[in-house]
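To start, the structure under review is shown below, and the notes come after it.
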There are 2 protein chains.
Amino acid sequence: MSDALPRETALLDDLGDWRRTHSCGQLTKAAIGQTVTLMGWAQYRRDHGGLIFIDLRDRKGLTQVVFSPDDAPAAHDKAHDLRVEYVLAITGLVRARPEGMVNPNMATGEIEVVVSDFKLLNTAATPAFPIEDRTDAAESLRLKYRYLDLRRPKLAANFLARHKASMSVRRYLDALGFLEVETPILTKSTPEGARDFLVPSRVNQGSFYALPQSPQLFKQMLMMSGMDRYYQIVRCFRDEDLRADRQPEFTQIDIEMSFVDEAQVMEMAEGMVMGIFRDAAGVELPSPFPRMTYATAIADYGLDKPDIRFDLKLKDVTHVVRESGFRVFAKAELVKGLRVPGGGELSRKEIDDLTEYVKIYGAQGLAWIKIKPGEWQSPFAKFLSEAERDGLARELSLEEGDIVFFQAGPADMVNTALGYLRLKLGERFNLIPEGAYAPVWITDFPLFEYDPEAKRFVARHHPFTSAAPGHLDILENEPEKALARAYDLVLNGYEIGGGSIRIHTPEAQRRMFAALGLDEAETSEKFGFFLRALEHGTPPHGGIAFGLDRIIMLLCGSKSIRDVIAFPKTQKAACLLTDAPNTVAPGQLRELGIKTRKKEE
Amino acid sequence: MSDALPRETALLDDLGDWRRTHSCGQLTKAAIGQTVTLMGWAQYRRDHGGLIFIDLRDRKGLTQVVFSPDDAPAAHDKAHDLRVEYVLAITGLVRARPEGMVNPNMATGEIEVVVSDFKLLNTAATPAFPIEDRTDAAESLRLKYRYLDLRRPKLAANFLARHKASMSVRRYLDALGFLEVETPILTKSTPEGARDFLVPSRVNQGSFYALPQSPQLFKQMLMMSGMDRYYQIVRCFRDEDLRADRQPEFTQIDIEMSFVDEAQVMEMAEGMVMGIFRDAAGVELPSPFPRMTYATAIADYGLDKPDIRFDLKLKDVTHVVRESGFRVFAKAELVKGLRVPGGGELSRKEIDDLTEYVKIYGAQGLAWIKIKPGEWQSPFAKFLSEAERDGLARELSLEEGDIVFFQAGPADMVNTALGYLRLKLGERFNLIPEGAYAPVWITDFPLFEYDPEAKRFVARHHPFTSAAPGHLDILENEPEKALARAYDLVLNGYEIGGGSIRIHTPEAQRRMFAALGLDEAETSEKFGFFLRALEHGTPPHGGIAFGLDRIIMLLCGSKSIRDVIAFPKTQKAACLLTDAPNTVAPGQLRELGIKTRKKEE
């Protein structure tokens with residue numbers, strides 16, 4: 001293409017009297033003979049046989065428009081200056097494409113528009129990368145020019161799906177009598193595990209607001225307010241070190257209901273999630289969702305978010321090798337095996353890579369046996385007695401051609417390492433059916449988990465989760481045995497939602513805080529207002545929250561959560577488009593009564 | 001009522017197998033003979049003729065339930081312990097109320113439920129104020145116990161209306177092809193006049209995020225991204241000193257469209273606002289909304305947000321009194337009169353009060369004339385010549401029994417003072433029809449206004465607003481004459497929304513920044529990313545934003561915006577319920593690289 005038009009040409013080009021009649025994805029053979037006006041971006045330009053062809057793009061699609069020296073010489077003449085990403089309004093006649101020029105891969109592939117007149121609405125600098133679905137541009141460049149990135153049809157489609165998902169949720173919950181209620185963003189620090197973002201107060205200098213990690217206490221107080229059924233699609237904030245799929249701000253579908261038990265919350269949520277997939281992706285999830293206890297998930301899959309799209313279960317073989325001459329097995333708290341049918345084909349290199357992989361999860365190494373004709377190939381099988389071999393073969397249903405992996409040691413490590421190894425092997429052996437979605441409810445969670453750093457029990461979900469019936473009474477003496485009235489929804493190995501029936505009496509709440517090691521003073525300072533609220537006639541209530549970003553990511557088949565957030569931040573929590581965060585004027589800080597700390601302080 | 005049950009009784013009362021069958025607002029004569037289960041709060045209790053009557057309340061209404069010693073002696077016996085705001089589940093038979101006991105003011109007034117069994121779900125401390133629509137509890141007490149306040153049916157109804165309004169907006173915009181897209185809350189300081197809330201960054205110490213005053217630049221960048229039609233019901237933040245109807249965080253219906261002009265945005269918005277009032281309040285707004293230029297609004301009503309529910313227009317009489325012996329008039333930039341038909345009945349005391357009132361708006365005093373039979377009663381009429389009297393009588397159409405008020409001086413002061421005086425008089429003389437809604441579009445705004453403090457012109461809407469066709473060329477030389485492609489929607493004297501067609505070329509945007517006094521360095525530091533975006537093929541676009549809180553306030557007939565926000569803050573920006581903002585642990589600040597400034601610093 002030629003050089004850009006002098007910019008002045010475009011200086012004041014506004015719409016004038018031009019009005020769009022159709023989108024660029026709309027015209028089919030039915031429109032042949034109509035005069036239409038389209039507006040959009042020049043995606044491609046081809047000069048061919050004296051004609052100029054431009055694919056005009058908008059959110060809905062592409063339409064081929066033709067500038068012809070015979071039909072409209074002035075327009076054709078001006079069109080020589082058009083370049084990619086210029087913004088145009090064109091008007092012209094819809095006609096059938098000539099024989100052999102029909103493009104069956106394009107919604108508008110049967111027609112083209114012969115331009116009678118056009119208006120240049122804006123020019124464009126050469127884009128930093130081409131506006132195409134397949135891009136090898138670095139993500140940092142794509143984030144800097146996010147407005148170009150978002151023009152790519154694949155990425156744009158994610159936001160249409162996201163819109164449809166949100167709308168589906170709103171329609172569904174509205175029909176069930178839920179009220180959308182907005183809760184504050186400038187609020188009080190609620191210690192729910194993660195670090196808070198703080199906002200210095202100018203009016204009350206020395207004081208800070210916190211951005212909410214979730215509206216947990218507010219939604220519970222809405223139940224105390226008699227609101228009965230609440231929902232909100234709401235921004236939440238966590239100042240954590242970011243992993244690949246985390247953002248400092250994220251969006252939650254937040255739901256709370258009064259006078260319900262677990263079954264009612266789960267039934268409601270199941271319908272909502274099915275609606276999301278139906279409305280936003282045309283996918284019918286298998287219903288009803290299966291349910292699995294936490295204990296079963298850990299026993300069979302090693303993880304509390306099992307990917308049940310494929311089988312391949314872990315097997316506890318501790319009892320088989322309890323007396324083994326192989327000391328690693330004999331002295332271990334837990335020994336588990338993971339049999340991979342046909343896994344004998346794995347190369348030594350692959351096994352070495354898997355060994356490195358499980359070390360991420362705390363494993364020291366990775367024991368394995370290949371079941372060969374007439375022999376067990378293994379670095380350690382020689383330490384096993386005949387009886388142990390028989391026991392393993394029986395327990396693990398070993399067959400020729402299999403490989404079986406083992407982990408031995410503390411139960412948490414064994415389960416985690418084999419659980420993630422299982423996922424890796426599922427990919428390696430193509431065990432995951434294309435396009436499959438496998439939701440599963442996980443129930444009967446432990447109420448607490450032991451925090452080795454803090455040397456105390458902490459709430460596994462949060463401190464507002466009800467104990468299972470009767471389990472409040474074992475809080476003090478056997479906290480590790482107490483179960484929670486909590487439930488997670490897991491999809492394809494991702495936890496997409498979680499919730500619980502809440503504590504609804506101040507006495508139970510106080511016992512919970514005490515079990516978590518909060519003393520009277522702390523309890524009263526942090527949660528005094530909430531305990532007071534609980535005293536004023538709180539209905540039994542429960543709820544659930546879903547991670548919208550992650551749901552959309554799964555639904556769109558995206559690999560990264562950044563592909564479903566319009567203006568995401570990097571792993572360093574920066575926005576490459578706007579350069580946030582940035583330094584501010586000293587006067588702004590002075591007004592807030594704060595100053596930055598020098599490095600040495 | 002008797003003393004509360006010992007709390008232990010309620011310690012673990014959860015729902016068990018109880019399931020609600022109906023709401024407390026649902027049962028009518030049609031349900032007579034059915035066995036139902038209701039859950040809710042004990043609103044009243046009356047003991048009468050050996051029976052115990054309780055009005056059970058939930059979000060949907062009240063149902064009278066009866067505990068009878070004959071029908072269910074055990075339940076009747078336990079019911080003696082029930083107190084107000086206790087939470088109950090009851091089951092029983094619906095029956096017609098006895099002759100004479102029917103309550104026609106209550107949706108369920110024809111029936112009652114005879115309790116066969118009940119479950120106490122929670123006790124309640126004595127509420128700090130009664131849960132009734134009419135309350136004289138101080139607002140500070142109501143905010144501290146917000147969960148009690150929100151149980152009052154009138155307040156609860158506001159949140160049902162708010163939900164319906166949001167849902168109406170979403171349904172309307174979804175049908176028109178708008179996508180709900182979420183924009184960041186942790187973003188870069190965008191200088192739009194007000195003070196930003198800042199969030200210190202832990203990862204990039206010394207840097208700060210700002211909370212958005214509006215998603216203005218993001219929504220424009222979504223248009224550059226080809227999103228075409230965007231909306232969001234979004235939280236915005238302004239760290240301003242709070243007036244009665246302002247909150248540090250507020251909610252905006254934020255809308256942007258590509259390839260449109262003013263008329264298209266206004267038409268879309270009009271349908272949306274009509275839908276809100278129809279769906280949330282059952283009100284059909286008069287359509288189409290009238291349009292008025294800014295100049296007419298100021299001329300006739302003195303304010304750019306005219307309350308056109310009543311007539312009573314201002315009249316420019318400068319030319320009549322230009323040569324007057326009354327120096328206050330003769331030397332004034334502007335003299336305007338406001339004639340009040342029948343206003344002669346105002347007492348001296350009332351006139352004195354009005355005089356004090358206009359001083360709020362910068363007036364020195366308030367000149368007036370009462371038109372009495374055969375004479376003008378007035379402190380200053382003696383300074384007027386016969387010709388001036390004739391001129392005023394003619395221009396103002398004065399009649400016996402009228403009062404006419406005058407302001408003379410700088411145009412801004414005259415218009416503002418008389419504009420607000422007009423509103424006061426509209427109330428005093430009952431000129432505002434009950435339940436009337438009078439929307440009006442204000443158009444042709446000035447692009448700039450002069451800021452006497454900064455001694456320069458500032459953007460009246462914001463610096464991204466397009467100049468009227470041709471007016472870009474008078475920016476530099478006659479900025480006070482430049483008009484904007486901006487529009488406000490005013491309802492009953494409140495600005496409920498405003499928007500504009502945006503600048504869509506970098507050249508025009510640079511000229512605008514320059515006209516506002518930003519130099520190259522400032523422009524580039526603050527808006528470099530945005531100017532770069534504008535260079536990459538920006539479509540013509542425009543939008544509008546509505547203040548949702550204010551719309552709901554008007555629609556609910558509430559006096560305060562705090563009545564339509566679930567957890568509002570006080571004028572000191574504090575949350576009395578949670579005690580936010582509060583002090584935080586020194587370690588939290590250290591991690592963020594900030595410290596609080598000592599008083600003397």
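Per-residue counts of heavy-atom pairs under 4.5 Å with chain B were compared for A/L592, A/L186, A/V203; the largest is that of A/L186. The candidate from A/N582, A/V584, A/T583, A/L155 with the greatest count of non-hydrogen atom pairs under 4.5 Å with chain B is A/N582. Between chain B and the residues A/S207, A/A580, A/A128, the most heavy-atom pairs under 4.5 angstrom are made by A/S207. Of the listed residues (A/R146, A/R532, A/Q205, A/R171), the greatest number of heavy-atom pairs within a distance under 4.5 Å of chain B belongs to A/R532.
The nearest pair of heavy atoms linking B/G206 to A/T596 is CA-CG2, 4.0 Å.
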Report task. Please report the C-alpha distance between A/I594 and B/L198 in whole Å, then the side-chain angles of each, then the deciding distance to 0.1 Å, and finally whether the side-chain contact (heavy atoms from CB on, under 4.5 Å) criterion is met. Result -> CA-CA 11 Å; A/I594 60 166; B/L198 297 180; over 6 Å; no
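A perpendicular orientation is assigned to the rings of B/H163 and A/Y231, their planes being inclined by more than 60° (bins at 30° and 60°). Ring geometry for A/Y147 against B/H536 counts as tilted: the plane angle lies between 30° and 60°, on a 0 to 90° scale.
Remark: side-chain polar atoms of B/D58 are not paired, donor with acceptor, to backbone N or O of A/D228 under 3.5 angstrom. Of the possible donor and acceptor atoms, none in the side chain of A/K595 sits under 3.5 Å from a partner among the backbone N and O of B/R597. Judged by distance alone, with hydrogens and angles left aside, the side-chain atoms of B/R235 form a donor-acceptor pair with the main-chain N or O of A/T183 at under 3.5 Å. Using a distance-only test at 3.5 Å, with no hydrogens or angles considered, a donor-acceptor pair links the side chain of B/E249 to the main chain of A/I185.
In terms of the salt bridge (Lys or Arg N to Asp or Glu O under 4.0 Å) criterion, residue partners of B/R485 (sequence neighbours excluded) are, by chain and number, A/D14, B/E262. For the salt bridge (Lys or Arg N to Asp or Glu O under 4.0 Å) test, residues two or more places apart in sequence or in another chain that qualify with A/R151 are A/E85.
Of the two parts of A/L548, only the side chain, counted from C-beta on, holds a non-hydrogen atom closer than 4.5 Å to a non-hydrogen atom of chain B. Interface residue B/L577: backbone and side-chain heavy atoms are both found under 4.5 Å from chain A. Contact annotation for B/R57: neither backbone nor side-chain heavy atoms come within less than 4.5 Å of a heavy atom of chain A. Proximity to chain A is absent for every atom of B/A156, based on heavy atoms less than 4.5 angstrom apart. With a 4.5 Å cut-off on non-hydrogen atoms, B/R59 touches chain A through its backbone and its side chain both. In this structure, the portions of B/R170 lying under 4.5 Å from any heavy atom of chain A include both its backbone and its side chain. Contact annotation for B/K569: only side-chain heavy atoms (C-beta onward) come within less than 4.5 Å of a heavy atom of chain A. In this structure, chain A has heavy atoms under 4.5 Å from both the backbone and the side chain of B/M227. Neither the backbone nor the side chain of A/D149 comes within contact range of chain B; no heavy atoms are under 4.5 Å apart. For chain A, no part of B/S23 is nearby; none of its heavy atoms comes within less than 4.5 Å. The contact between B/T126 and chain A is made entirely by backbone atoms, counting heavy-atom distances below 4.5 Å. Looking at B/E525, there are no atoms closer than 4.5 Å to chain A (heavy atoms on both sides), in backbone or side chain.
Side-chain contact between A/P184 and B/F567 is present, with at least one heavy-atom pair separated by less than 4.5 Å. Side-chain atoms of A/F259 and B/L121, non-hydrogen and from C-beta on, do get closer than 4.5 Å to each other.
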